[in-house]
2 protein chains.
Amino acid sequence: MTRIPAGERRAALIEAALRVISRNGIAQATTRAIVAEAGMSLASFHYAFDSRDELIDELIVTVIEHARHAVMPDDLVDGTLVEMLEAGIVRYFDHLRADPEHEQAMLELTQYALRSPERHPMARAQYARYVELAEQSLVVAAERSGSEWTVPVAQAARVLVAFTDGLTLTWLVDRDDDASLAVAHAAAVALSRMAEPR
Amino acid sequence: MTRIPAGERRAALIEAALRVISRNGIAQATTRAIVAEAGMSLASFHYAFDSRDELIDELIVTVIEHARHAVMPDDLVDGTLVEMLEAGIVRYFDHLRADPEHEQAMLELTQYALRSPERHPMARAQYARYVELAEQSLVVAAERSGSEWTVPVAQAARVLVAFTDGLTLTWLVDRDDDASLAVAHAAAVALSRMAEPR
DNA sequence: TTGCAACTGGGTCACCCGACCCAGTTGTCT
DNA sequence: AGACAACTGGGTCGGGTGACCCAGTTGCAA
């Protein structure tokens, strides 16, 4: 028997749950499937959490905190704004292709949260976080390309999140790389028109 | 006892299932919930369908066939391409606002189909249908505004579907009308750049 | 009007689920 | 070394679910 502090055990279960959801969907993420994935017994589950709902809630909070898959243009070579934007989106796209199941899990989690009034705010928080990250990227991109946003950055960020979401959902369905690159390009063009040279 | 031909009975159950899914999500669409919604007994369900899976499959096929919520620019006043595109997207957005649960149900159905290899093709078909509808709209819009697509229309249509999807998902989460109108505008601008005056 | 097939009411069944429980066992602190 | 709390194995329990079944009932064709 390995002794694990309660906190770590909760974290381990949350990670296991995320793996199960990524692999098989949230509907299959039963307490039994989760503890099997984590190599624990049911008793351990209920020792660490009061209920499955509690774990799912905490899982959502965790993924929001860890959201960082960013469309971050750091370490990207400088260029025009459109170029940087497109490069950022393509970078996110690469991330999506590398781990499609994770993004699918995020999507399911959102849909799941949307279904109950108590959890709806969590979905909002998740997207607020996405917008926040997008905003940071946009600020950096404008800065580095010598541009200036002509609309509130938050608004441009919100558009970027919508476009990114659309790219994700459609690609998950048809897995058409070329089409998604076209979407990335179109999105970058549209966003760049919300800024002008400084 | 009212006698109903088997075909109609199946149709009635499918409609009931769609209502249940729209209202409570696919997870709640149990055979019992569906027959209750349709005002039938469980026996009737299994008289009409071999299994719940069979009904869900048929439901997906049905919604694909009936997809028509189009971004259709019919009966829209003519104008520039951008204007017509934006008007079309806004029109879809109005439709979304009028019946958000329906679009949420569509989203869930897609996610559901994505989760099993046998059903993945159904999700593809659903999106192929969306692209087809979008394509028709784009052709009409270009025609009426005296423009010409400089990329294959199918590609532009695929981009439109992605943007529309993103608009849907983000709006369902934050219900921010203004932000979504900004998305619609940006999307229209991006698409219009794939065409030129004829 | 009769007969039959379409249909349904009201069950049963096996299975899975979340929650819970208790008698141990074993690290760890003193 | 002793004791205590953290932890777990191996259950139970009630409730929900999909599938199924059979004895009726009734619309309708002849």
Side-chain angles (χ1 to χ4, degrees), chain A residues 1-21 23-60 105 108-109 111-113 115-116 118-119 122, chain B residues 1-60 105 108-109 112-113 115-116 118-119 122:
Chain A
M1 171 163 75
T2 328
R3 264 177 125 81
I4 308 174
E8 280 178 38
R9 164 154 266 112
R10 285 169 73 94
L13 280 166
I14 287 172
E15 278 168 34
L18 185 55
R19 284 197 301 274
V20 173
I21 293 174
R23 199 169 53 239
N24 303 320
I26 197 167
Q28 304 301 317
T30 63
T31 52
R32 284 163 232 259
I34 295 167
V35 297
E37 176 74 26
M40 298 180 194
S41 71
L42 264 184
S44 305
F45 180 95
H46 282 286
Y47 184 80
F49 291 96
D50 278 347
S51 68
R52 177 180 177 276
D53 275 2
E54 189 184 314
L55 175 137
I56 300 289
D57 287 355
E58 208 153 306
L59 169 58
I60 296 178
E108 279 190 34
L109 247 18
Q111 297 277 113
Y112 178 80
R115 278 298 175 189
S116 81
E118 319 90 71
R119 267 184 275 264
M122 303 185 118
Chain B
M1 169 163 77
T2 329
R3 264 176 124 81
I4 308 173
E8 280 179 36
R9 166 154 265 113
R10 287 169 73 94
L13 281 166
I14 288 173
E15 278 167 34
L18 185 56
R19 284 196 301 275
V20 172
I21 294 174
S22 296
R23 197 168 55 242
N24 303 321
I26 197 168
Q28 304 301 317
T30 63
T31 52
R32 283 164 233 260
I34 294 167
V35 297
E37 175 74 26
M40 299 181 194
S41 71
L42 262 186
S44 305
F45 181 95
H46 282 287
Y47 185 80
F49 291 96
D50 278 348
S51 69
R52 178 181 177 275
D53 275 2
E54 188 184 315
L55 176 137
I56 300 288
D57 286 355
E58 209 154 305
L59 169 58
I60 296 177
E108 280 190 34
L109 246 17
Y112 178 79
R115 277 301 175 189
S116 80
E118 318 90 71
R119 267 184 276 265
M122 303 183 118

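Here is how names work: the chains are called A, B, and so on, in the same order as the sequence lines, proteins then strands, and each is numbered from 1. The figures that follow rest on heavy atoms only: side chains count, while hydrogens, waters and symmetry mates do not.
To the nearest angstrom, P of D:dC21 lies 16 Å from CZ of B:Phe45. The separation between A:Arg52 atom CZ and D:dG16 atom C1' is 14 Å, rounded to whole Å. Straight-line distance from the CG atom of A:Leu42 to the P atom of C:dC16: 14 Å, rounded to whole Å. Regarding A:Ile26, its CD1 atom lies at a distance of 12 Å from the P atom of C:dG18, rounded to whole Å. In this structure, A:Ile56 atom CD1 and C:dG18 atom C1' are separated by 12 Å, rounded to whole Å. Remark: P of C:dG18 and CG of A:Leu13 are 13 Å apart, rounded to the nearest angstrom. Counting to the nearest Å, the P atom of C:dA6 and the CZ atom of B:Arg10 are 15 Å from each other. In this structure, B:Gln28 atom CD and C:dC17 atom C1' are separated by 14 Å, rounded to whole Å.
Looking only at side-chain heavy atoms (C-beta outward), A:Glu58 and A:Phe49 come within less than 4.5 Å of each other. No side-chain heavy atom of A:Leu109 sits less than 4.5 Å from a side-chain heavy atom of A:Arg119. Within the 4.5 Å cutoff, no side-chain heavy atoms of A:Gln28 are placed close to those of B:Arg115.
B:Arg32 contributes no side-chain N or O that forms a donor-acceptor pair with the base of D:dG16 under 3.5 Å.
Applying the 4.0 Å criterion to OP1 and OP2 of D:dT17, one finds that B:Thr31 has every side-chain N and O outside that range. Here B:Ser44 does not reach the OP1 or OP2 of C:dC7: none of its side-chain N or O atoms lies under 4.0 Å away. Distances shown here put every side-chain N or O of A:Arg9 at or beyond 4.0 Å from the OP1 or OP2 atom of D:dA6. A close approach under 4.0 Å does not occur between any side-chain nitrogen or oxygen of B:Ser51 and OP1 or OP2 of D:dG18.
For the pair A:Asp50 and B:Ser41, nearest-nucleotide mapping onto DNA chain C gives the more 5' position to B:Ser41. Of the two residues contacting DNA chain D, namely B:His46 and A:Tyr47, the nearest-nucleotide position lying further toward the 5' end is that of A:Tyr47.
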**Study point:** Steps toward salt bridge (charged side-chain N to carboxylate O under 4.0 Å, His left out) verdict (A:Glu54, A:Arg10)
**Key:** CA-CA 11 Å; A:Glu54 189 184 314; A:Arg10 285 169 73 94; 3.2 Å; yes
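How far CG of B:Leu18 is from CG of B:Leu59: 5.5 Å, rounded to the nearest 0.5 Å.
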